[in-house]
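Below, all heavy atoms of this structure are taken into account, side chains as well, without hydrogens, waters or symmetry copies. Proteins come first, then strands; the chains are lettered A, B, ... in the order of their sequence lines, and each starts at number 1. Just so it is clear, the structure is predicted and the values come from calculations on it, not from any experiment.
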Amino acid sequence: MKTRCISGVAGALALSAAVTLFAQTPTPSAGAQAPSGNAQVPPGGLSPAQMRLLPKALDNTPDIKFEVVKDFMKLPPNVYMGEGIGIATNSKGHVFVNTCAQQTRNFEFDQNGNFVREIGKDLYGFVFCHGIRVDAQDNIWVIDEGANMIIKFNPEGRVTMVLGRRIGFPYNGMEPPVKEMNPAPPYIFNRPTDVAFDSAGNIFVADGYGNSRIAKYDKNGRFIKQAGSRGSGPGQFNLIHAIAVDAQGNVYGGSRSDQRILVFDNDLNYKTVYDHVGAPWSLCITTGPHQYLYTSNSNPDNQDTPLHKVSGQIFKMELDGTVLGKFGVPGKEQGQFSTVHGIDCRAENVILVSEIVEWRMQKLILHPTAAQGGK
Amino acid sequence: MTYSRFAATVVFAGSLLAGSLLAQQRELSFDSAGDFLSMPADLHLGEVAGVATTSSGNLLVYFQGGGPNATIGAARIHINGGARLIEFDRSGKFQREIGGSVPNNRPYAFLFAQGIRVDPQDNIWVVDRASRMVVKFDQSGRILLTLGRRLEAVGELGSSGVFGRASGPPGSGVPGDNFNQPTDVAWDAAGNIFVSDGYGNARVAKFDKNGRFIKSWGATGTEPGQFNIPHSIAVDARGSVYVADMGNQRIQVFDNDGTFKSEIKNVGAPRAICISPGAHQFLYSSNSNPTEDPFLNGEIYKMELDGTVLGRVGRAGKQFKEFGMVNGMDCRDPNTLFVAELMNWRVQKLSLK
């Protein structure tokens, strides 16, 4: 497998190294499109909007060295990725991608990126993609923002449980959820965004664009409780866009529009907030005895916006919020990020991302120093 | 669509009421065959609207699938191909899809699955809520009769979307086969056809076996002979007509000409009913859970035709032996129930002991 190594040294050195590297590829604008963190931002050069979004941790966080597995994703003829929305791996290393194509589709790849099959072809619950996760038993869970549903497939790819209900046409007794309800109805989602599980199999749903809550269900789908309302106060969300659960059962909810990660205990009591790592578009927590939290401060969808200067990197953190390192810059080339919307970190130093702007997934191998959690 | 919010509220409240009566009913012992349908790899059930058996034990399943199914017409949204009709053999092995897997090849009426029944001659009858049609297929899958007409893709601006003009009280509809979101179909021994109609209307329409309109009865309301979402219909061997008046939490019984005879209450909000054949007929009715709570109620009642409750089966939930909004039911064999679940996306085969 041919790989490309990107220097992780911060500052001007990183910039020049990146330019040198990208110069090997005949892309005229490569140098101009390779910002590195805040290295290109002149002092005092940020607009108020940029300043507001600038992650506090950006300045003093060292880069983590990484390489990208080039051309990892291999599709058969006449199968196309659309926008790469969600990504997850199972215990065998197979990769599952949720994509917004002409229809919402879910593809399974093997550990080498070879296409294996499609999951849930023409499914009633696929209206508008928003993510995919795989649980500890290798069940595949798809989050559909359009159908307002969370759909559980067994490892064979058959539906075994659904949460929420799609609005039918004509209406099946349900009103379109045009306004936010507080508290939200226990079993009706309003544009949900993500799902996570604790070790007991309890299900945590991030809900979402329309509601502003985390809803907890037991493993059989029975509602237990919920937490959250719209706002930027303690325990509140302003677009909860991602969710992850650690081995102790603590719940991490990414509040994207106000750049916060909120931490709750397993009973959804609010504990603390991390507000120094940008907008948490996507979260994942590694497995293993020492767990790490990755969050993607993704660059916004449109190309080369001013906000790219203060976004685009993924942060690696301890579960207590201590930032260990960061990697990645906005861009369209392999090894750069074009609006990461999904992230998987089952293997601690193997990061899989799915991206909106470039219709792809990427596999990155991290080389953290000892101070960055490396071995 | 203000009526839908009203109806949902009424059904929800009614279900709570019925729940308090549960303890008085005997629980019948039963088993579920679990995941007994074998499906092709790329075929997945969605919301299952109905299930029906043929005389040889084959299963017909009408359900809501996914895929691209909406286009914008000049004046209204034009949807196509969302509903699918598939057949299994008696062991649950997939046999065929009527209309095939390509949406544009499917019968014109297949828009939003509502119900399916098989008549004594093994003809297959599909009820589609969005195309507002009842379609009769022979066993080979060819169409023999259509009732109702699907809206044109391009309509007149301001059109109510119903052919003809209503002159009677609200819900009584337009005479003939002008359905407004019909829900179910049944037949008497002479082959007369009874259609419950439905979400948009609140009536029962009767046709002769050739599809000629005979009469209709009912209007929106709570009085005897009035309906609030007549959602399911069945006819016994003597020709009496049983209508699941879901929003009013009762089953109304009429004679063959539509004259009100009696009502059965205290069985929750009947969403699906069926009557078993044979010398001693039984009536089954599902008090299906509302959308808002997948764990509320859900039990199925077994009754004598006079409404005497013999026992109840199951409850709401997501496991096997639990139900997620039973919308269709088959009881050709009174001790083997097939139930179609909207919210659990499956068919269960239940063996009553």
side-chain contact (heavy atoms from CB on, under 4.5 Å) for A/Leu163 and B/Lys318? Distances and angles first, verdict last.
CA-CA 9 Å; A/Leu163 301 176; B/Lys318 295 175 185 291; 3.8 Å; yes
Report the distance from atom CG of B/Asp293 to atom CZ of A/Phe223, rounding to the nearest 0.5 Å.
10.5 Å
Is it true that, when you exclude B/Lys93 itself, more than 12 heavy atoms of the residues, nucleotides or ligands shown sit nearer than 6.0 Å to its NZ?
no
How are the rings of A/Tyr124 and B/Trp345 set relative to one another: parallel (under 30°), tilted (30 to 60°) or perpendicular (over 60°)?
perpendicular
Starting at CD1 of A/Ile119, measure out to CG of B/Asp42 and round the result to the nearest 0.5 Å.
9.5 Å
State, to 0.1 Å, how close A/Ile188 and B/Thr291 come at their nearest heavy-atom pair, and which atoms those are.
CD1-CG2, 3.6 Å
Please report the interatomic distance CE(B/Met343) to OH(A/Tyr187), rounded to the nearest 0.5 Å.
9.5 Å
Should the pair B/Glu47-A/Arg165 be classified as a salt bridge under the 4.0 Å nitrogen-to-oxygen rule?
yes
For B/Lys321, does the NZ atom have more than 12 heavy-atom neighbours from other residues, nucleotides or ligands under 6.0 Å away?
yes
Please give me the minimum heavy-atom distance between A/Asp122 and B/Arg84, naming the atom from each residue.
CB-NH1, 4.2 Å
Flag if over 12 foreign heavy atoms under 6.0 Å of CZ, A/Arg360
yes
Taking every non-hydrogen pair under 4.5 Å, which of A/Lys121, A/Met161, A/Arg158 racks up the most with chain B?
A/Arg158
Report which part of B/Leu342 has an atom under 4.5 Å of a heavy atom belonging to chain A: side chain, backbone, both, or neither.
side chain
